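One structure is given below, encoded as structure tokens.
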Amino acid sequence: MSVATKLQSSICEPRAVLGPGGNRVRVSEAPKRKNEGLKKPPQRPTKPVSEIPEAVVRNNFSVDSTCSSDTSSSCSSAKTVSPRRTVRHKSLRPAKLVSDDMEVVKPAGPPKRCEWITPNSDPVYTCFHDEEWGVPVYDDKKLFELLVLSQALAELSWPEILHKRDMFRKLFDNFDPSSIAKFEEKKLQSLKVNGIPLLSEQKLRAVVENAMQMLKVQQEFGSFSNYCWSFVNHKPIRNGFRYGRQVPVKSPKAEVISKDLMKRGFRCVGPTVIYSFMQVAGIVNDHLLTCFRYKECDANDKKLDLKLKMEEKTEVLKLSEAMEIGEHK
């Protein structure tokens, strides 16, 4: 046998290969390569697939993961298209873009008031707190009304007084001091509501007496307003308390005013009554710092201060001009 024949026979013989499943005989790879082109690999039976709408196919098919966008060659095959469960996403509202210059407006809630005003407070009392209490008053009739109502606090509460306020105004002739000063005994006895006196006899007589003394104050100081505000240099006192327990029932300034009024013949004007009068008349701002009315009253006070300063400047200019004219003459 020639050498060529030996080599050919040795190539065609099968050889033993050790594999995981034991020793098996494996045919050489050369004949296999020749037969690959002739025989087709057996195909597995596939289950019939129901027809899928074209829109679903377009949105849900996936490309073979072996395909890479980095390679220049195109993908040779794609995975079989399979139906997917349609997932419904919750619709999202479009986000609002806010520029840095725009202010973010927070939802408005109920305004924060002083501690003694609660959600269960009388609406009339709450309105009184929001609109009148702590606002500076300069009208004489209004000041006299608030003085009388402050005296009534010894017998009634603020809600009770406010509910009877129209009756107070009617019986006291709209708090006109010149008219009240003329009240006689018969008129005093008629100051009743449903047969019940509006206030005790002592308080009613004090109102008449104080009206007479107020007329004297008006003659001396030009107005009752000038007299009252002169004790605080015509500028409201801003206490700036944070808690309700810090608000006093009287103050040294109230004691000074009380003593001066008593000297002038006023009655039922103790320090506690006068301090209540100062609070309601805006002579003192006792709204808590956390109350929205504190800032509002404070802003009004600053405007008033600016107005007073402008008036002072104009008066000084007028005096200087008058003096210059006199010198030239």
Side-chain angles (χ1 to χ4, degrees), residues 128 131-153 161 165 168-183 203-238 250-286 296-319 322:
F128 177 70
E131 298 178 4
E132 292 188 59
W133 198 78
V135 178
V137 178
Y138 301 94
D139 181 71
D140 280 6
K141 286 186 179 180
K142 182 74 172 178
L143 286 170
F144 185 67
E145 176 185 358
L146 298 178
L147 179 61
V148 173
L149 298 182
S150 299
Q151 291 171 335
L153 282 173
I161 291 171
R165 195 172 190 177
F168 271 94
R169 289 172 176 170
K170 182 180 179 180
L171 295 178
F172 286 115
D173 293 347
N174 204 23
F175 292 100
D176 183 6
S178 58
S179 178
I180 297 174
K182 299 175 183 178
F183 280 9
K203 290 290 187 298
L204 292 175
R205 293 186 182 277
V207 172
V208 177
E209 184 65 29
N210 292 344
M212 295 187 329
Q213 301 304 326
M214 183 176 174
L215 296 176
K216 297 179 181 179
V217 171
Q218 287 177 335
Q219 292 177 356
E220 182 179 352
F221 291 89
S223 67
F224 187 62
S225 175
N226 286 336
Y227 168 77
C228 294
W229 284 96
S230 64
F231 288 96
V232 292
N233 197 21
H234 298 277
K235 294 180 181 179
I237 300 172
R238 305 183 189 97
K250 60 182 180 179
S251 68
K253 185 67 68 176
E255 292 178 356
V256 172
I257 299 173
S258 174
K259 289 179 180 179
D260 192 78
L261 287 171
M262 289 180 180
K263 288 180 181 179
R264 295 177 181 275
F266 284 80
R267 297 170 59 183
C268 298
V269 287
T272 303
V273 173
I274 294 303
Y275 193 73
S276 297
F277 167 70
M278 293 172 67
Q279 288 175 321
V280 71
I283 299 174
V284 58
N285 181 4
D286 265 351
E296 292 181 357
C297 293
D298 189 43
N300 293 333
D301 295 344
K302 289 179 180 178
K303 288 180 181 179
L304 180 63
D305 292 345
L306 183 61
K307 184 179 178 182
L308 291 173
K309 288 179 181 179
M310 293 297 293
E311 289 178 355
E312 289 177 359
K313 287 182 179 179
T314 52
E315 289 179 359
V316 171
L317 289 173
K318 287 180 181 180
L319 288 173

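Please read all numbers here as calculations on a predicted model, not as lab measurements.
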Can you pull out every salt bridge (Lys or Arg N to Asp or Glu O under 4.0 Å) where at least one residue sits in residues 270-280? Sequence neighbours excluded, please. none
Glu296 and Val135: side chain to side chain contact (heavy atoms under 4.5 Å, CB included), yes or no, with the steps? CA-CA 9 Å; Glu296 292 181 357; Val135 178; over 6 Å; no
For a 4.5 angstrom cut-off between non-hydrogen side-chain atoms, does Leu147 reach Ile274? yes
Just verifying a value: how many Å separate Ser230 OG and Ile257 CD1, rounded to the nearest 0.5 Å? 8.0 Å
Could you grab the distance from atom OG of Ser276 to atom CH2 of Trp133, nearest 0.5 Å is fine? 9.0 Å
Name all residues meeting the side chain to side chain contact (heavy atoms under 4.5 Å, CB included) criterion together with Val232; count only those two or more places apart in sequence or in a different chain, and write none if there are none. Trp229, Ile237, Lys253, Ile283
Only counting residues at least two apart or in another chain, list the ones meeting ring pair (Phe, Tyr, Trp, His ring centres under 6.0 Å) with Phe183. none
Can you list everything that forms a side chain to side chain donor-acceptor pair (under 3.5 Å) with Ser223? Sequence neighbours excluded, please. Asn226
Met212 versus Ala181, closest heavy-atom pair with distance: CG-CB, 3.5 Å
Does any N or O in the side chain of Ser258 come within less than 3.5 Å of the main-chain N or O of Val269, such that one atom is a donor and the other an acceptor? yes
Does atom NZ of Lys203 have more than 12 heavy-atom neighbours, drawn from other residues, nucleotides or ligands, at distances under 6.0 Å? yes
Residues that Arg267 engages under salt bridge (charged side-chain N to carboxylate O under 4.0 Å, His left out), provided they are two or more places apart: none
With sequence neighbours excluded, residues passing side chain to side chain donor-acceptor pair (under 3.5 Å) with Asp286: Asn239, Tyr275, Gln279
Any residue meeting side chain to side chain donor-acceptor pair (under 3.5 Å) with Asp260, in chain and number order, not counting sequence neighbours: Tyr227, Arg264
Can you list everything that forms a side chain to side chain donor-acceptor pair (under 3.5 Å) with Asp176? Sequence neighbours excluded, please. Ser178
Rounded to the nearest 0.5 Å, how far apart are CG of Asn210 and CZ of Arg205? 13.5 Å
Working to the nearest 0.5 angstrom, can you tell me the gap between Phe144 CZ and Ser225 OG? 15.0 Å
So, Gln151 side chain and Cys268 main chain: donor-acceptor pair closer than 3.5 Å or not? yes
The criterion is ring pair (Phe, Tyr, Trp, His ring centres under 6.0 Å); which residues satisfy it with Phe175, sequence neighbours excluded? Phe172
Of all the heavy-atom pairs spanning Glu209 and Gly265, show the shortest one and how long it is. CG-O, 3.8 Å
Minimum-distance pair of heavy atoms, taken over all atoms of Pro236 and Gly282: CB-O, 3.5 Å
Residue pair Leu146 / Val137, side-chain heavy-atom distance below 4.5 Å: yes
Out of curiosity, Gln213 CD to Leu215 CG, how far, rounded to the nearest 0.5 Å? 9.0 Å
Provide the full list of salt bridge (Lys or Arg N to Asp or Glu O under 4.0 Å) pairs with a residue in residues 137-146, sequence neighbours left out, each pair given once. Glu132-Lys142, Glu145-Arg165, Glu145-Arg169
State, with a plain yes or no, whether a side-chain heavy atom of Val207 is found less than 4.5 Å away from one of Phe168. no
